[in-house]
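Working notes for the structure below.
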Amino acid sequence: MEPRNEESPYGSRTVSLEETERPFEGDEKSNSLNSSLPTHLPCHSDSRWSDTNIYAAAKKKKHQSWYQLPNGNWALGKILSTSGVECVISLLEGRVLNVNAENLLPANPDILDGVDDLMQLSYLNEPSVLYNLQYRYSQDMIYTKAGPVLVAINPFKEVPLYGNDYIEAYRRKSIESPHVYAIADTAICEMIRDEVNQSIIISGESGAGKTETAKIAMQYLASLGGGSGIEYEILKSNPILEAFGNAKTSRNDNSSRFGKLIEIHFSQTGKISGAKIQTCKITCFDHETSITVAFLCEC
Ligand SMILES: Nc1ncnc2c1ncn2[C@@H]1O[C@H](COP(=O)(O)OP(=O)(O)OP(=O)(O)O)[C@@H](O)[C@H]1O
């Protein structure tokens, strides 16, 4: 997460809260997001976000809204009334607050809960994105698209999303859910169709799951075969490299202490014909690593 933007309308403003005894009538969306959201959320004062202003949203339809609590968490609530810049909002947890409208962001209708592409959200603001990712994650849907980008959330447990059946289904395109297999498949198809080299960039903070994601993508590419068993040699190089270059850190028991650039070469027929793995030193910032593993699929 990026540090809080001090110029954000939500960052430095002191919010006065007036709680009343008004009972809350309940609502559909879970309020579990409130406690689990990070306390330091980046906010946007950019004009791009001005169309998400609560006035516009509240006037169009009586949407639920996100209210950023003074501790930085987002809480879902329903606007009861607006007067000038002030709004009365009823939070799911039961509190009714008198808040500045600029501290509110519109929430999406329930029908958009859990959409598999964030681009489908009517309101693409931060709490809505986080809510959608959390909603999917709670159902073991760890992959979500953000247009052409795949967002992967580390499940820290086995999820039944991998293996030959899934690989076959993604190859036949009988599954459309976002997945690393789908990304690898697109790269292969576009490489063959356009005869242009493809790259898959995997980035994230330490422990985010980059190395595992890279292995999953390689598993898919290896399933395309190479004829000489080269694809299995590529996969088997992982534990050897990890034995030399990984170490336990406070964030990850199996943390890569080097960056990796893996080139996979393909024949004209789309079979793996070779590979080259380059390692590079990673830069550490405050004991964190943010490395990028890049795949180059070359024909
Ligand atoms: N898709 C996944 N399914 C199950 N567990 C996962 C998955 N991705 C990551 N993990 C778990 O998270 C741990 C950390 O993942 P990984 O080593 O890939 O992180 P990383 O981003 O490469 O970290 P570093 O930058 O420190 O090397 C793995 O050892 C594994 O236990």
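The figures here come from the full heavy-atom set of this structure, side chains too, leaving out hydrogens, waters and symmetry mates. Whatever order the structure lists them in is the order used to number ligands and atoms, beginning at 1. Everything numeric here is computed off the predicted structure, so don't read it as measured data.
The distance from ligand 1 to the heavy atoms of Asn254 drops below 4.0 Å at these ligand atoms: 17 (O). If you number the atoms of ligand 1 from 1 as listed, the ones under 4.0 Å from a heavy atom of Phe156 come out as 12 (O).
Remark: among candidates Asn154, Ile142, Thr211, Leu161, the nearest residue to atom 9 (C) of ligand 1 is Asn154, based on non-hydrogen atoms. Nearest to atom 2 (C) of ligand 1 by heavy-atom distance, out of Pro155, Gly209, Gly259, is Pro155. For atom 8 (N) of ligand 1, the nearest non-hydrogen atom from the set Glu212, Glu205, Lys260, Glu158 belongs to Glu212.
Taking the side-chain hydrogen bond (donor to acceptor under 3.5 Å, both in side chains) definition, one finds that Ser223 meets it with Arg171, sequence neighbours left out. Remark: Arg172 engages Glu168 in a salt bridge (charged side-chain N to carboxylate O under 4.0 Å, His left out) (not counting sequence neighbours).
Remark: ligand 1 and Ser255 share an N or O pair separated by less than 3.5 Å (distance only, no angle test). The distance criterion of under 3.5 Å between nitrogen or oxygen atoms is not met by Ile216 with respect to ligand 1. Where the criterion is an N or O separation shorter than 3.5 Å, residue side chain and backbone included, Ala208 meets it with respect to ligand 1. Ligand 1 has no N or O atom lying under 3.5 Å from any N or O atom of Arg257, backbone or side chain.
Every heavy atom of Lys215 sits 4.0 Å or more from the atoms of ligand 1.
Note: Tyr170 and Tyr181 have perpendicular aromatic rings, judged against thresholds of 30 and 60 degrees for the angle between ring planes.
You'll find the side chain of Cys189 reaches within 4.5 Å of the side chain of Asp185, heavy atoms only. In this structure, Tyr220 and His179 have side chains that are not in contact, with every pair of non-hydrogen atoms separated by 4.5 Å or more.
No hydrogens or angles considered: nothing links the side chains of Asn252 and Ser206 as a donor-acceptor pair under 3.5 Å. Residues Ser273 and Ser267 have side chains that never bring a donor and an acceptor to within less than 3.5 angstrom of each other.
When ring centroids are compared, Tyr131 and Trp66 come within the 6.0 Å threshold.
The proximity of Tyr162 to ligand 1, defined as any non-hydrogen pair under 4.0 Å, is limited to the side chain.
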